[in-house]
There are 2 protein chains.
Amino acid sequence: MNTYQQQAKVFQALAHPTRLRILELLAREGEACVCHLVAALNKRQPYISQQLTTLRKAGLVTDRKDGLLVHYRLSDERVGDFLRLGKDILRAQGIEVQSGLALTVPLPGCTCPRCQTGQEPCE
Amino acid sequence: MNTYQQQAKVFQALAHPTRLRILELLAREGEACVCHLVAALNKRQPYISQQLTTLRKAGLVTDRKDGLLVHYRLSDERVGDFLRLGKDILRAQGIEVQSGLALTVPLPGCTCPRCQTGQEPCE
DNA sequence: AGTCTATATTCGATTGATTGAATATAGTAT
DNA sequence: ATACTATATTCAATCAATCGAATATAGACT
């Protein structure tokens, strides 16, 4: 596979609304467990796991296992800059681009232990 | 269509080897006519036109008509920065990412008037 | 008018991405 | 062991993207 095919694969992974939301969330939060992403995005868990697998295969995120929980983060902090630059370019075209909201902690609907006790998410 | 769907559309337009090569070429050359892209990438003309239409609809390039010729350029100079940042991130993952070669002028195989007389391409 | 040249569009077949549903895995606790 | 919980995987149906072939448009020149 050549350079451009590899680049195209990564952009393909980015070309998905839910995956973009996940990345933006990770850029803002630093790290998040799957249960938080499920609660924050209000999607079914297998669906979120599917998208995380796509992002992992594209090399955009890494995972860290911690008992039953799995925490995800951006594989490179510059992925956050990259997304921001993308948004800036869209804004320059006159397209409305709002940034997602910060997560409240504890996250309502999140079942992980930390959220049950009102502490920082999954840390 | 929401913010993330719009962003995803743009990434979708980027998720294609030939389109990436076109953008990289435009980032380096500033402007190029269709015939140059056809000659430089060694693809059939309708195929290049299809890809340019996709890029235009995504807002990534603009066109300027000049007689029979149509010149394309990046709609925003930051699109070039954006692609470079994407490549840097890939390199940090240990992925080989070479940059495309500069175009020789006149372009062998290009039939446009300027190339026939050995001048700057299509300007 | 006709003709040539550069570029664009349409259509259809194939391929690839998406996503819901069901199921699997692997830690943890009893 | 058994049961529970968080996460991952598989499969199949649907939907969207790709690309070759053919054709269309539109400006320039006789």
Side-chain angles (χ1 to χ4, degrees), chain A residues 1 4-5 8-22 31-58 61-72 107 109-116 121-122, chain B residues 1 4-5 8-22 31-58 61-73 107 109-116 121-123:
Chain A
M1 194 158 55
Y4 298 99
Q5 287 171 325
K9 288 274 182 197
V10 176
F11 281 116
Q12 179 60 46
L14 293 165
H16 190 287
T18 301
R19 292 198 292 266
L20 286 172
R21 292 183 69 189
I22 291 173
E31 198 176 54
C33 64
V34 177
C35 58
H36 269 75
L37 297 170
V38 170
L41 301 178
N42 194 30
K43 305 275 183 189
R44 289 170 305 102
Q45 175 272 319
Y47 179 80
I48 295 293
S49 269
Q50 281 177 333
Q51 307 312 332
L52 286 168
T53 299
T54 300
L55 291 171
R56 189 163 12 85
K57 284 184 179 167
V61 301
T62 57
D63 58 337
R64 178 175 70 82
K65 294 180 182 31
D66 168 29
L68 271 180
L69 303 178
V70 179
H71 305 272
Y72 281 86
L107 243 189
C110 184
T111 56
C112 84
R114 313 297 169 140
C115 277
Q116 300 303 341
C122 300
Chain B
M1 193 159 53
Y4 298 99
Q5 287 171 324
K9 287 274 181 196
V10 176
F11 282 117
Q12 179 62 44
L14 291 166
H16 190 288
T18 301
R19 292 199 289 267
L20 287 172
R21 292 183 68 191
I22 291 172
E31 197 175 54
C33 63
V34 177
C35 58
H36 270 75
L37 297 170
V38 169
L41 302 178
N42 194 31
K43 306 274 183 189
R44 290 170 302 101
Q45 175 271 318
Y47 179 78
I48 295 294
S49 269
Q50 280 178 335
Q51 307 313 330
L52 286 168
T53 299
T54 300
L55 292 171
R56 189 164 10 85
K57 283 183 179 165
V61 301
T62 57
D63 60 336
R64 177 176 70 81
K65 293 179 183 29
D66 169 28
L68 272 179
L69 302 177
V70 179
H71 306 272
Y72 281 85
R73 58 167 56 248
L107 243 190
C110 183
T111 56
C112 84
R114 313 299 168 140
C115 275
Q116 299 303 338
C122 300
E123 304 288 359

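Throughout, a chain's letter reflects where its sequence line sits, starting with A, and its residues are numbered from 1. Just so you know, these numbers come straight off a predicted model, no measurement behind them. Basis for what follows: all heavy atoms, side chains included, without hydrogens, waters or symmetry-related copies.
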Where A:V61 and A:Y72 come nearest, the two heavy atoms and their spacing: CG2-CD2, 3.8 Å
CA sep, side-chain torsions, deciding dist, call: A:D63, A:H71, side chain to side chain donor-acceptor pair (under 3.5 Å): CA-CA 6 Å; A:D63 58 337; A:H71 305 272; over 6 Å; no
Sugar-phosphate, base or nothing in reach of B:Q50, heavy atoms under 4.0 Å: base
B:I48 CD1 to C:dA6 P, straight-line distance once rounded to whole Å: 15 Å
For atom CE of A:M1 and atom P of C:dG16, their distance in whole Å: 13 Å
Atom-pair distance (CD on B:Q12; P on D:dA16), nearest Å: 12 Å
Side-chain N or O of B:H71 closer than 4.0 Å to phosphate OP1/OP2 of C:dT7: no
Closest non-hydrogen atom pair, A:K43 against A:V38: O-CG1, 3.1 Å
Nearest-neighbour nucleotide for the B:C33 side chain, C:dT7, C:dG20, C:dA26 considered: C:dT7
Closest listed nucleotide, where the reference is the side chain of B:V70 and the choices are D:dC19, C:dA8, D:dT7: C:dA8
Whole-Å distance separating the CG atom of B:D66 from the P atom of C:dA8: 13 Å
Gap between atoms CG and P, on B:D63 and D:dA26 respectively (whole Å): 14 Å
Shortest side-chain distance from A:C35, nucleotide among D:dA22, C:dT7, D:dT7: D:dT7
Selection from D:dA17, C:dT28, D:dA28 that lies nearest to any side-chain heavy atom of B:L68: D:dA28
No-H, no-angle donor-acceptor pair, A:Q45 side chain to D:dA8 base, under 3.5 Å: yes
For A:L55 against A:A13, the heavy-atom pair lying closest together: CD2-O, 4.2 Å
Trace of the side chain to side chain donor-acceptor pair (under 3.5 Å) decision for A:S49 with A:Q45: CA-CA 6 Å; A:S49 269; A:Q45 175 272 319; 3.1 Å; yes
Spacing between A:K57 atom NZ and C:dA17 atom P, to the nearest angstrom: 11 Å
Phosphate contact (D:dC19 OP1 or OP2) by B:R44 side-chain N/O below 4.0 Å: no
Euclidean distance, atom CG of residue A:L41 to atom P of D:dT7 [Å, nearest integer]: 13 Å
5'-most by nearest nucleotide on DNA chain C - B:P46 or A:G67: B:P46
Distance in angstrom units between B:Q5 CD and D:dA16 C1', rounded: 14 Å
Nucleotide nearest B:Y47 when distance is taken to its side chain, options C:dG20, D:dA8, D:dG20: D:dG20
C:dT9 OP1/OP2 closer than 4.0 Å to side-chain N/O of B:T53: yes
